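Note sheet for the following structure.
Not measured: the values here are computed from a predicted model. Residue numbers run from 1 in the order of the sequence given.
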Amino acid sequence: MKKALKFTLKVIVVLFILLNVVVMFHAYKFTHFYEPGEITMKDQKDKTTWDVTKEMLFGLNFAKQKNTAPDSSFNAVYLTTMDGLKLEGWYDTVANAKGSVAMFHGHGSKKTGVLEEAMAFQKMGYNTFLLDFRAHGNSDGNTCTIGFDEGEDVKLVYDYLQKSGEKNIILWGISLGAATITKGVNDFNLTPNKVILEMPFGSLSEAVTGRVKMMGLPAQPISTLLTFWGGVEHGFWAFNMKPFEYAKKIKCPVLIQKGKLDPRVTDAEVEAIFKNISTDKKLVYYDSSGHQSLCAHENAKWISEVNAFLQK
């Protein structure tokens, strides 16, 4: 009986160690983006059984998405982080602008991923500043900390607009971009005039849980382990990354928007953020949208809600 118990315990320990090793690889891949051409990316239909097995054991590879220049004219702006990374942004101005909207994309995306929203803001009479987060698009770096270090990226754009003489700064972000805005405001005491958050995750651990569920895997203990190792690998305590707490530092009007069919971010997450905002605020749900561009999917409603918010 004792031998059987010892054997069982040994098996459990070995399996736990193996699970942690696998999760460590996945955490690294989820927060690492390769340069285009650095790795070979295969279409799903071309993957062998061994390719699929490697992905299950060691995680998916992600390459930086490169931007395609828009038809409209724009000014390329380069900002430098404290650790020397050069970030690329596009600053597009309009005549008689009412203000400037700083725009922040989601995880794995790029600044051209929010061009439709940018064009809409321009038609409303606002300049737009689109940024590639570190490790994304045309910006330097290969490591994404899911909003923890990227709060500085938000600050750099805010500072640029402020130094340019802009008096009416609006911060807009989607998914990772929205959550990162709250981190930037919290860490650097930013005072924008208005903030628009679209499908922000409530905490990093909840963001990881949402992604794990989408993969069809059991949320626990994988989500907790991924959160832990993702933070350890990048030198921070990931469980303290809580946009719902950071939201308390926002001191301007806020519009929060979310698709009701979103499989990643829950209603409870955005409602926790909404609850902690003590200023003028509004929460809008989009009935037929998921985790996607609300502007593209329910355009008329998005234009109406955003325009009304900006005009208040």
Side-chain angles (χ1 to χ4, degrees), residues 33 35-36 64-145 147-185 187-198 252 293 295 310:
F33 291 90
E35 298 294 338
K64 285 185 179 180
Q65 296 186 28
K66 290 302 179 183
N67 295 284
T68 302
D71 294 333
S72 61
S73 61
F74 61 90
N75 295 314
V77 176
Y78 295 93
L79 308 171
T80 304
T81 67
M82 288 184 289
D83 54 355
L85 297 176
K86 182 185 289 185
L87 309 182
E88 183 180 278
W90 289 343
Y91 188 35
D92 204 345
T93 59
V94 300
N96 303 313
K98 302 173 184 176
S100 294
V101 183
M103 305 184 66
F104 304 97
H105 60 74
H107 177 265
S109 187
K110 54 191 175 181
K111 55 182 175 290
T112 48
V114 299
L115 270 180
E116 186 159 355
E117 287 86 352
M119 290 187 289
F121 281 122
Q122 290 165 22
K123 288 180 181 178
M124 294 178 198
Y126 293 86
N127 303 324
T128 55
F129 191 115
L130 284 66
L131 181 76
D132 280 331
F133 277 128
R134 62 186 69 195
H136 289 76
N138 297 347
S139 290
D140 288 349
N142 298 97
T143 298
C144 171
T145 59
F148 191 84
D149 290 336
E150 288 79 5
E152 182 196 357
D153 302 359
V154 173
K155 176 188 183 294
L156 289 172
V157 176
Y158 178 88
D159 288 348
Y160 176 85
L161 293 175
Q162 199 171 53
K163 290 174 182 177
S164 299
E166 181 59 72
K167 302 299 183 184
N168 184 21
I169 300 175
I170 298 101
L171 302 181
W172 176 93
I174 183 169
S175 192
L176 168 67
T180 303
I181 285 173
T182 68
K183 185 70 161 59
V185 170
D187 289 3
F188 301 102
N189 296 312
L190 306 183
T191 56
N193 296 81
K194 289 185 179 179
V195 167
I196 302 175
L197 307 174
E198 300 195 358
C252 65
S293 169
C295 175
L310 293 176

Heavy-atom nearest pair, Val157 first then Ala102, reads CG1-CB, 3.6 Å
So CG of Leu79 and CG of Asp132: to nearest 0.5 Å the spacing works out to 11.0 Å
Counting only N and O atoms by type, is there a donor-acceptor contact under 3.5 Å from the side chain of Lys64 to the main-chain atoms of Gly141? yes
Please confirm whether the backbone N or O of Thr145 pairs with a side-chain atom of Glu150, one donor and one acceptor, at under 3.5 Å? yes
Okay, side chain of Gln65, backbone of Gly108: is any donor-acceptor separation there less than 3.5 Å? yes
d(Leu310 CG, Met124 CE) to nearest 0.5 Å is 6.5 Å
I need the minimum non-hydrogen distance between Leu190 and Gly184, along with the two atoms involved. CG-O, 3.6 Å
Quick one: which of Ile170, Leu171, Val101 gives a side chain to side chain contact (heavy atoms under 4.5 Å, CB included) with Pro192? Leu171
So, does Asp153 use its side chain to make a donor-acceptor pair with the main chain of Phe133 at under 3.5 Å? no
Less than 4.5 Å apart, side chain to side chain, heavy atoms only: is that true for Asp159 and Phe188? no
Is any side-chain heavy atom of Val154 closer than 4.5 Å to one of Lys183? no
Scanning both residues in full, the closest heavy-atom pair of Cys252 with Val195 reads SG-CG2, 3.7 Å
List the steps and the verdict of side-chain contact (heavy atoms from CB on, under 4.5 Å) for Tyr158 and Thr191. CA-CA 9 Å; Tyr158 178 88; Thr191 56; 3.0 Å; yes
Just so I know, are the side chains of Phe104 and Val114 near enough to count as touching, which here means a heavy-atom distance under 4.5 Å? no
Would you say that Glu117 contacts Ser293 through its side chain, given a criterion of any heavy-atom pair below 4.5 Å between the two side chains? yes
Show your working on side-chain contact (heavy atoms from CB on, under 4.5 Å) between Phe33 and His107 and close with a plain yes or no. CA-CA 10 Å; Phe33 291 90; His107 177 265; 3.6 Å; yes
Can you check whether Ala135's main-chain N or O pairs, donor with acceptor, with Asn142's side chain at less than 3.5 Å? no
Quick check: does any side chain N or O of Thr112 sit under 3.5 Å from a backbone N or O of Asn67, one acting as donor and the other as acceptor? no
Please tell me if the side chains of Phe129 and Leu161 come closer than 4.5 Å, counting only heavy atoms from C-beta onward. yes
Short side-chain donor-acceptor distance under 3.5 Å, Ser100 and Glu166: yes
Less than 4.5 Å apart, any side-chain heavy atom of Tyr160 and any of Leu131? no
When you measure from the side chain of Asp140 to the backbone of Leu85, do you find a donor-acceptor pair of N or O atoms at a distance under 3.5 Å? no
Which atom pair, heavy atoms only, marks the closest approach of His136 to Ser109? CD2-O, 3.4 Å
Tell me if a side-chain donor or acceptor on Gln122 pairs with a main-chain N or O of Asp92 at a distance below 3.5 Å. no
Could you check whether any side-chain N or O of Thr93 sits under 3.5 Å from a backbone N or O of Asn127, counting only pairs where one atom can act as donor and the other as acceptor? no
For the student: nearest non-hydrogen atoms of Gly173 and Ala178, plus distance: O-CB, 3.3 Å
Any donor-acceptor pair under 3.5 Å from Lys66 side chain to Gly137 backbone: yes
Which atoms form the tightest heavy-atom contact between Ile181 and Trp172, and what is the distance? CD1-C, 3.4 Å
Just verifying a value: how many Å separate Ser139 OG and Arg134 CZ, rounded to the nearest 0.5 Å? 9.5 Å
